[in-house]
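As the structure is a computational prediction, the values presented were derived from the model and not from experiment.
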Protein chains: 2
Amino acid sequence: MPPTRPDPSPEPQLGELVMEVARGLRRRFAVTLEPWGITPHEARALRVVGHHEPTRLGVVATHLRIAPRSVTDVVDALEARGFVAREPDPSDRRATRVALTPEGRRVLDELDAARRADSEDYFAGLSDRDRATLARVLGRLVDDRRAPGG
Amino acid sequence: MPPTRPDPSPEPQLGELVMEVARGLRRRFAVTLEPWGITPHEARALRVVGHHEPTRLGVVATHLRIAPRSVTDVVDALEARGFVAREPDPSDRRATRVALTPEGRRVLDELDAARRADSEDYFAGLSDRDRATLARVLGRLVDDRRAPGG
DNA sequence: TATTGTTATACTCTATAACTATA
DNA sequence: TATAGTTATAGAGTATAACAATA
């Protein structure tokens, strides 16, 4: 019997490959995150908050590209863990800002290091040149989606 | 207001980029699939069945890299739509095989064409060379995960 | 005893719609 | 009227554990 490679199609498409690699990364990162009791989604939200604090929830939604409703949930989870705190926006009483707590900052730093190590391990088999190409090409795709035709 | 690019980190990592691109692809593919009333996950399972039929459910699980429990669900969904059919495996009465129905074959062909067009559109901005590199590098990562160290 | 697939259950990630409080 | 965020609800995609039938 052949070694059952993942093979949804005889000639795999770029899109499939990207999604397959993403699944592998997500699985791996979820395991890495277990000691912190945090999910990849939550870790990503924590990172967004950390790099933009203090930030309105709507801005977090934009950076995460998720619905406002989903931001409520993930910020609830982070706040329950004591990693972030909501505070009223002084300039608009409808708005809410989030900022890291000291604990959140500490955890974010640990998480960044763990993620970095994880990523380096995952992509260890690639040459520097391949990695650079990958970063350039993927970065361009992300930007294209953000500003299509611009 | 600034153009709010997605920016979970000041120096985005390869892993993040891959996952971000995968999210964009998934969103787009989900929209493309709407006329067929099928999800990306189901379409992928249909494709696996189509390229390996008749196949045991366990083999489908391996190709899809999901738990046996999850195969039951997705095959249930495809069977309810009349795209696949379960049949007993003559050589092992514990096992179940799945195969496409004629309708499933027809839909799979349409889906393959739609996916192809979608993918080509999504990656249209890249040079042939960048696409080739992407395919090579990602394909290698997929294989590495399958046979780590081998 | 080990394997195939199912039932039961639950978690993660995401969305739409209706609502509240402000602006 | 429009915006910021919430409550309510739902669906997609995945997992573990216990089990039944068979090997």
Side-chain angles (χ1 to χ4, degrees), chain A residues 1 8 19-20 22-31 33-34 36-46 48 54-81 84 86-98, chain B residues 1 4 8 19-20 22-31 33-34 36-46 48 54-62 64-81 84 86-98:
Chain A
M1 206 192 304
M19 289 195 274
E20 179 60 31
R23 272 185 288 267
L25 280 163
R26 189 173 312 269
R27 256 187 292 261
R28 163 180 291 235
F29 199 32
V31 171
L33 254 26
E34 272 171 11
W36 287 274
I38 195 173
T39 69
H41 182 59
E42 289 163 357
R44 186 161 161 254
L46 185 64
V48 166
T55 319
R56 286 194 186 184
L57 295 184
V59 175
V60 175
T62 301
H63 283 293
L64 251 24
R65 302 208 209 196
I66 59 177
R69 173 63 183 87
S70 305
V71 174
T72 298
D73 270 358
V74 73
V75 169
D76 279 356
L78 293 175
E79 194 164 30
R81 307 291 305 282
V84 306
R86 280 178 170 89
E87 62 189 31
D89 184 327
S91 71
D92 186 339
R93 282 197 294 173
R94 291 171 305 183
T96 303
R97 298 195 307 195
V98 266
Chain B
M1 201 195 307
T4 50
M19 289 194 273
E20 179 60 30
R23 270 185 289 267
L25 280 163
R26 191 173 310 269
R27 256 188 292 260
R28 160 180 294 234
F29 199 32
V31 171
L33 290 176
E34 272 172 12
W36 287 273
I38 194 173
T39 68
H41 181 61
E42 289 162 357
R44 187 162 161 254
L46 185 64
V48 166
T55 319
R56 285 195 186 184
L57 295 185
V59 175
V60 175
T62 301
L64 251 23
R65 301 206 210 198
I66 60 178
R69 173 64 183 88
S70 305
V71 174
T72 297
D73 270 358
V74 74
V75 169
D76 279 355
L78 293 175
E79 195 164 29
R81 307 291 306 281
V84 306
R86 281 177 170 90
E87 61 188 33
D89 185 327
S91 71
D92 186 337
R93 282 196 296 175
R94 291 171 306 182
T96 302
R97 298 195 307 194
V98 266

What distance do Glu20(A) atom CD and Leu25(A) atom CG have between them, rounded to the nearest 0.5 Å? 10.5 Å

Scoring nucleotides 8-16 of chain D by protein non-hydrogen atoms under 4.0 Å (B base, S sugar-phosphate only, - none) yields BB--SSBBB

Under the side chain to side chain donor-acceptor pair (under 3.5 Å) test, residues paired with Arg69(B) that sit two or more places apart: Asp73(B)

Regarding Thr96(A), tell me which of base, sugar-phosphate or nothing describes its non-hydrogen contacts under 4.0 Å with the strands shown. sugar-phosphate

Compare all side-chain heavy atoms of Arg97(B) with those of Ser91(B) and state whether any distance is below 4.5 angstrom. no

Point-to-point distance, once rounded to the nearest 0.5 Å, from CZ of Arg23(B) to CD1 of Ile66(A): 9.5 Å

Per nearest nucleotide of DNA chain C, the residue lying toward the 5' end, Asp76(B) or Ala95(B), is Ala95(B)

Going by heavy atoms in the side chains, are Val59(B) and Val48(B) under 4.5 Å from each other? no

Using salt bridge (charged side-chain N to carboxylate O under 4.0 Å, His left out) as the criterion, list what pairs up with Arg26(B), not counting sequence neighbours. none

Which residues share a side chain to side chain donor-acceptor pair (under 3.5 Å) with Arg81(B), sequence neighbours left out: none

Working note: Leu33(A) + Glu42(A), criterion side-chain contact (heavy atoms from CB on, under 4.5 Å); need CA distance, chi angles, decisive distance, verdict. CA-CA 10 Å; Leu33(A) 254 26; Glu42(A) 289 163 357; over 6 Å; no

Steps toward side-chain contact (heavy atoms from CB on, under 4.5 Å) verdict (Leu57(B), Arg86(B)): CA-CA 9 Å; Leu57(B) 295 185; Arg86(B) 281 177 170 90; 4.2 Å; yes

Could you list the protein-to-nucleotides 19-23 of chain D atom pairs, N/O on both sides, closer than 3.5 Å?
{"unit_1": "dA23(D)", "atom_1": "OP1", "unit_2": "Arg93(B)", "atom_2": "N", "d": "2.9"}

What distance do Arg27(B) atom CZ and Arg65(A) atom CZ have between them, rounded to the nearest 0.5 Å? 6.5 Å

Give me the first and last nucleotide of DNA chain C, going 5' to 3', that has any atom under 4.0 Å from a heavy atom of chain A. dT12(C) to dA23(C)

